[in-house]
Amino acid sequence: MLITVFVWGLAVGALHVVVTGAFYGNPVVDRIYAAAMASEPGVRRWDSKPRYLATQIAGTQVELWILTACFLWLRPMIPLEGLGGAMVLGLAFAGIRVYPRFWNMWIQSTYPTRLLAIELVGGVISTFTVVAALHYWV
């Protein structure tokens with residue numbers, strides 16, 4: 001099981017990088033973040049974008065191994081067949097993964113609301129991407 005989690009976790013990690021890179025790197029979202037980094041005190045400024053991306057990818061990979069292990073363990077317990085059952089699990093994962101971060105950032109920081117909305121959408125998209133990939137690949 002550990003080798004399976006490791007291998008499939010790396011695979012969905014690579015997909016996750018592509019999907020989130022496309023989401024956050026698109027010109028609209030990139031422009032919104034650049035403006036916020038220049039003017040908002042609640043948004044951290046990174047001196048090196050490559051260092052930021054490497055840190056982000058490494059930290060998220062651990063989370064993806066956990067999601068992969070949970071998917072492999074819990075998916076057989078969902079009584080719905082096919083992609084629908086996987087998406088039910090994806091909804092639970094998105095709630096566990098995205099909501100607490102959104103809520104805490106909203107109530108405890110000066111992080112701009114427009115960026116919180118982008119984070120919410122990006123988190124849901126990336127979670128469902130991972131679950132759909134695991135459904136079809138494993």
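Side chains are part of it too, since the values below use all heavy atoms of this structure and drop only hydrogens, waters and symmetry mates.
- Note that Arg44 lies in the cation-pi zone of Trp46, set by a 6.0 Å cut-off to the ring centre and a 45° limit from the axis.
- Looking at heavy atoms from C-beta onward, Phe71 lies in side-chain contact with His135 at the 4.5 angstrom threshold.
- Counting all heavy atoms, side chain and backbone alike, Leu15 lies closest to Ala133 at CD2-CB, 3.5 Å.
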Q | Pair Leu74-Phe93, side-chain contact (heavy atoms from CB on, under 4.5 Å): steps then yes or no | A | CA-CA 11 Å; Leu74 295 172; Phe93 287 170; 4.2 Å; yes

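- Linking Ile, Leu, Val, Met, Phe, Trp and Tyr whenever their side-chain heavy atoms come within less than 4.5 Å puts Val124 and Leu116 in one cluster.
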Q: Could you go through the side-chain contact (heavy atoms from CB on, under 4.5 Å) check for Tyr24 and Asp30 one step at a time?
A: CA-CA 6 Å; Tyr24 288 102; Asp30 193 45; over 6 Å; no

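- Here the closest non-hydrogen pair linking Gly95 and Pro100 is O-CD, 3.2 Å.
- In the hydrophobic clustering of ILVMFWY residues, with side-chain heavy atoms under 4.5 Å counting as a link, Tyr136 and Phe128 come out together.
- Across Gly9 and Gln61, no two heavy atoms sit closer than the pair O-NE2, 2.9 Å.
- A continuous path of ILVMFWY side-chain contacts below 4.5 Å connects Ile125 to Val28, so both sit in one hydrophobic cluster.
- Taking both residues in full, the closest heavy atoms of Ser126 and Gly123 are given as OG-O, 3.1 Å, listed atom of the first, atom of the second, then distance.
- Atoms CZ and OG1, on Phe23 and Thr129 in that order, are 11.0 Å from each other to the nearest 0.5 Å.
- Distance check, rounded to the nearest 0.5 Å: CD of Glu63 to OG1 of Thr60 gives 6.0 Å.
- A single hydrophobic cluster is seen to contain both Leu91 and Leu64, as judged by linkage of ILVMFWY side chains at heavy-atom distances under 4.5 Å, directly or through other members.
- Arg114 has no carboxylate O lying under 4.0 Å from a charged side-chain N of Glu119, or vice versa, which leaves the two without a salt bridge.
- With rounding to the nearest 0.5 Å, the separation of CG in Leu134 from SG in Cys70 is 11.0 Å.
- Between the CZ atom of Phe102 and the CD1 atom of Ile107 there is a distance of 11.0 Å, given to the nearest 0.5 Å.
- With rounding to the nearest 0.5 Å, the separation of CG in Leu72 from CH2 in Trp8 is 10.0 Å.
- When all heavy atoms of Leu115 and Ala36 are compared, the closest pair comes out as CD1-CB, 3.5 Å.
- A donor-acceptor pair is defined here as one N or O able to donate and one able to accept, closer than 3.5 Å; no such pair exists between the side chain of Asn104 and the backbone of Arg101.
- Under the 4.5 Å side-chain heavy-atom criterion for Ile, Leu, Val, Met, Phe, Trp and Tyr, Leu83 and Val12 are members of the same hydrophobic cluster.
- A side-chain donor-acceptor contact under 3.5 Å links Arg45 to the backbone of Val43.
- For the atom pair OG1 (Thr20) and CG (Leu53), the distance works out to 9.0 Å, reported to the nearest 0.5 Å.
- Nearest heavy atom pair, residue Tyr111 against residue Met105, reads CD2-CE, 3.3 Å.
- Residues Leu120 and Tyr99 form no side-chain contact, since every pair of their non-hydrogen atoms from C-beta on lies 4.5 Å or further apart.
- Ring centroid separation for the pair Trp65 and Phe6 comes in under the 6.0 Å cut-off.
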